[in-house]
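The structure appears right after this line, and notes come after that.
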Amino acid sequence: MESATKTRIHWTDLPGHVRAAVEEILGDRVTAAVSQSGGFSPGTADRVRTAGGRRAFVKAVSPAQNDRSPALHRAEALVAAALPATAPAPRLLGSYDDGDWVALVFTDVEGRHPVTPWDAAELAAVFATLETMAAVLTPATVPAAPNAADQLRYDFAGWHRIAADPPADLDGWARSRLPQLRAAAERGLAALAGQTLCHLDVRADNLLIGPDGTVSVVDWPWACRGPAWLDSLLVLINVQVHGGHDPEPLLRARPLTADVDPADVTGVLAGFTGFFLDGARQPPPPGIPTVRAFQRLQGDALLPWLARRLG
């Protein structure tokens, strides 16, 4: 996927003391670094190789790139350190935090993002991985992780903010259904109870498919405790955004989502749709100029599915 930030810094842009800290974690001098595209952090995302041939993945950021990103790296460090070895995620080799710069060093996972529009075989592999992951991460391996409802409470109030100040280009169907959309999102928020550690940001650019077809789930800063089916529903949202399949038959076919109350599914979809459309009209955060366009893309893609479910 094309880089989503356009402003990402690289390994050579890091201060010398940060690079030295990473090399101490790796036990060797870094001799090569290749920046990776995709994602929305303006910090580094580099595959590195040491003089001795060791490979790793390094991500580092400071408030100078974005004032929220260091806190997200710190959150991810706590989650990654607590993931069991059986979780389909890169292992955290170490982290560095001087109060300004935060750097995370992971095992390097060979792989590529799934193709979009989604390929049927790759999608099946992703669902199978998420089903295994939900079993491994129930109960949640990070007891201090926030509840999904707490994590998403502000986001799922997007329709309330839209109703209070409707944008001029708001879809006509949505404008006529604002009370119903607000109520559905509230129902969705109430449906998010659970004790599974959920990734909460599963989409194509946070997945890697290895040469052997193994799927790895990367970038865990938003992890929270919620229902086992939540990450699978997020993949279906990504399918609706990028195309390739009708998400409804997939929703009914996968074991984690097949038996979920349809009103709960609709409510969660309403919550995310309101979040995307409300977020898209906000000023872009520092260092991440393209995130609003991506939110608008997702909101616009979800509205037809939501309308289909609400009738």
Side-chain angles (χ1 to χ4, degrees), residues 1 3 8-14 18-41 43-61 69-70 72-98 101-114 122 125-126 128-137 140-142 145 197-223 231:
M1 299 180 70
S3 174
R8 173 166 290 160
I9 60 173
H10 302 151
W11 169 256
T12 53
D13 297 318
L14 295 176
V18 178
R19 284 183 275 127
V22 170
E23 291 176 334
E24 184 175 353
I25 291 170
L26 293 173
D28 199 357
R29 179 171 55 91
V30 171
T31 57
V34 179
S35 182
Q36 304 301 296
S37 63
F40 288 93
S41 171
T44 63
D46 288 294
R47 280 187 161 122
V48 303
R49 188 178 69 250
T50 68
R54 187 178 187 185
R55 296 178 179 272
F57 176 76
V58 178
K59 55 197 300 186
V61 75
S69 293
L72 294 176
H73 276 36
R74 292 183 181 108
E76 183 173 9
L78 291 174
V79 172
L83 290 176
T86 50
R91 304 277 75 77
L92 181 68
L93 300 176
S95 62
Y96 169 80
D97 187 347
D98 62 14
W101 283 94
V102 183
L104 308 181
V105 184
F106 293 93
T107 55
D108 184 33
V109 176
E110 184 180 1
R112 56 168 178 80
H113 299 306
E122 292 183 0
V126 167
T129 297
L130 294 181
E131 288 153 12
T132 299
M133 186 172 85
V136 168
L137 298 182
T141 57
V142 187
L197 186 69
C198 303
H199 180 279
L200 199 60
D201 200 20
V202 181
R203 56 179 195 254
D205 60 321
N206 281 336
L207 297 165
L208 292 174
I209 299 179
D212 61 353
T214 301
V215 177
S216 296
V217 185
V218 304
D219 291 341
W220 287 77
W222 301 107
D231 284 337

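For the single chain, residues carry numbers from 1 onward in sequence order. Everything numeric here is computed off the predicted structure, so don't read it as measured data.
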| note | CG (L130) and CG (L137) are apart, to the nearest 0.5 Å, by 10.5 Å
| request: May I have the step-by-step check of side-chain contact (heavy atoms from CB on, under 4.5 Å) for T141 and V79, ending in yes or no? | output: CA-CA 8 Å; T141 57; V79 172; over 6 Å; no
| When rounded to the nearest 0.5 angstrom, what distance separates OG1 in T107 from CG in L92? | 9.0 Å
| said: Evaluate H113 against I209 for side-chain contact (heavy atoms from CB on, under 4.5 Å), listing each step before the verdict. | reply: CA-CA 6 Å; H113 299 306; I209 299 179; over 6 Å; no
| field | Pairing residues for D13 by the side-chain contact (heavy atoms from CB on, under 4.5 Å) criterion, not counting sequence neighbours | value | I9, H10
| message | If I compare all heavy atoms of A75 with all of P221, which pair ends up nearest, and what's the gap? | response | CB-O, 3.8 Å
| request: Applying side-chain contact (heavy atoms from CB on, under 4.5 Å), run through W222 and L72 and close with a yes or a no. | output: CA-CA 8 Å; W222 301 107; L72 294 176; 3.7 Å; yes
| Can you list the residues that meet the side-chain hydrogen bond (donor to acceptor under 3.5 Å, both in side chains) rule with N206, with sequence neighbours excluded? | D201
| Does the side-chain contact (heavy atoms from CB on, under 4.5 Å) test come out yes or no for R55 and V48, once each step is laid out? | CA-CA 6 Å; R55 296 178 179 272; V48 303; over 6 Å; no
| remark: Sorted by chain and number, sequence neighbours left out, side-chain hydrogen bond (donor to acceptor under 3.5 Å, both in side chains) with T214 holds for D212
| note | So salt bridge (Lys or Arg N to Asp or Glu O under 4.0 Å) across residues 85-95, not counting sequence neighbours, yields none
| request: Could you tell me which non-hydrogen atom of L104 sits nearest to which non-hydrogen atom of S95, and how far apart they are? | output: CD2-CB, 3.7 Å
| request: Just jot down the salt bridge (charged side-chain N to carboxylate O under 4.0 Å, His left out) partners of R112, sequence neighbours excluded, or say none. | output: E122
| query | Residues two or more places apart in sequence or in another chain: which of them pass side-chain contact (heavy atoms from CB on, under 4.5 Å) with A125? | reply | V215
| message | Are V218 and P90 packed together at the side-chain level, in the sense that at least one heavy-atom pair is separated by less than 4.5 angstrom? | response | yes
| note | Rounding to 0.5 Å, atoms CG (D46) and CZ (F57) come to a distance of 7.5 Å
| field | Shortest non-hydrogen separation from A60 to H73 and the atoms involved | value | N-NE2, 3.9 Å
| request: Mind checking side-chain contact (heavy atoms from CB on, under 4.5 Å) for V136 and listing every partner two or more places apart, or none if nothing turns up? | output: P84, T86, T132
| said: The criterion is salt bridge (charged side-chain N to carboxylate O under 4.0 Å, His left out); which residues satisfy it with R47, sequence neighbours excluded? | reply: D108
What pairs of donor and acceptor atoms, side-chain ones from residues 24-31 against any protein atom, are under 3.5 angstrom apart with sequence neighbours left out?
{"residue": "D28", "atom": "OD2", "partner": "T50", "partner atom": "OG1", "Å": "3.1"}
{"residue": "D28", "atom": "OD2", "partner": "G52", "partner atom": "N", "Å": "2.7"}
{"residue": "T31", "atom": "OG1", "partner": "R49", "partner atom": "O", "Å": "3.3"}

| note | For R74, the salt bridge (charged side-chain N to carboxylate O under 4.0 Å, His left out) test, sequence neighbours excluded, returns D97
| query | Among V18, V22, V34, whose side-chain contact (heavy atoms from CB on, under 4.5 Å) with W11 holds? | reply | V22
| query | Residues in salt bridge (charged side-chain N to carboxylate O under 4.0 Å, His left out) with D219, at least two apart? | reply | K59
| query | Do W220 and H199 make the cut of ring centroids closer than 6.0 angstrom? | reply | yes
| field | Over all atoms of both residues, closest heavy-atom pair of A223 and L197 | value | CB-CD1, 4.1 Å
| said: Nearest 0.5 angstrom please: T44 OG1 to Q36 CD, how far? | reply: 11.0 Å
| Heavy-atom pair with the smallest gap, counting every atom of P114 and A204 | CD-O, 3.2 Å
| request: Kindly compute the distance separating CD (E23) from OH (Y96), expressed to the nearest 0.5 Å. | output: 13.0 Å
| task | Indicate yes or no: at least one non-hydrogen side-chain atom of L78 is less than 4.5 angstrom from one of V142. | result | no
| query | Who pairs with S69 by side-chain hydrogen bond (donor to acceptor under 3.5 Å, both in side chains), at least two apart in sequence or on another chain? | reply | N66
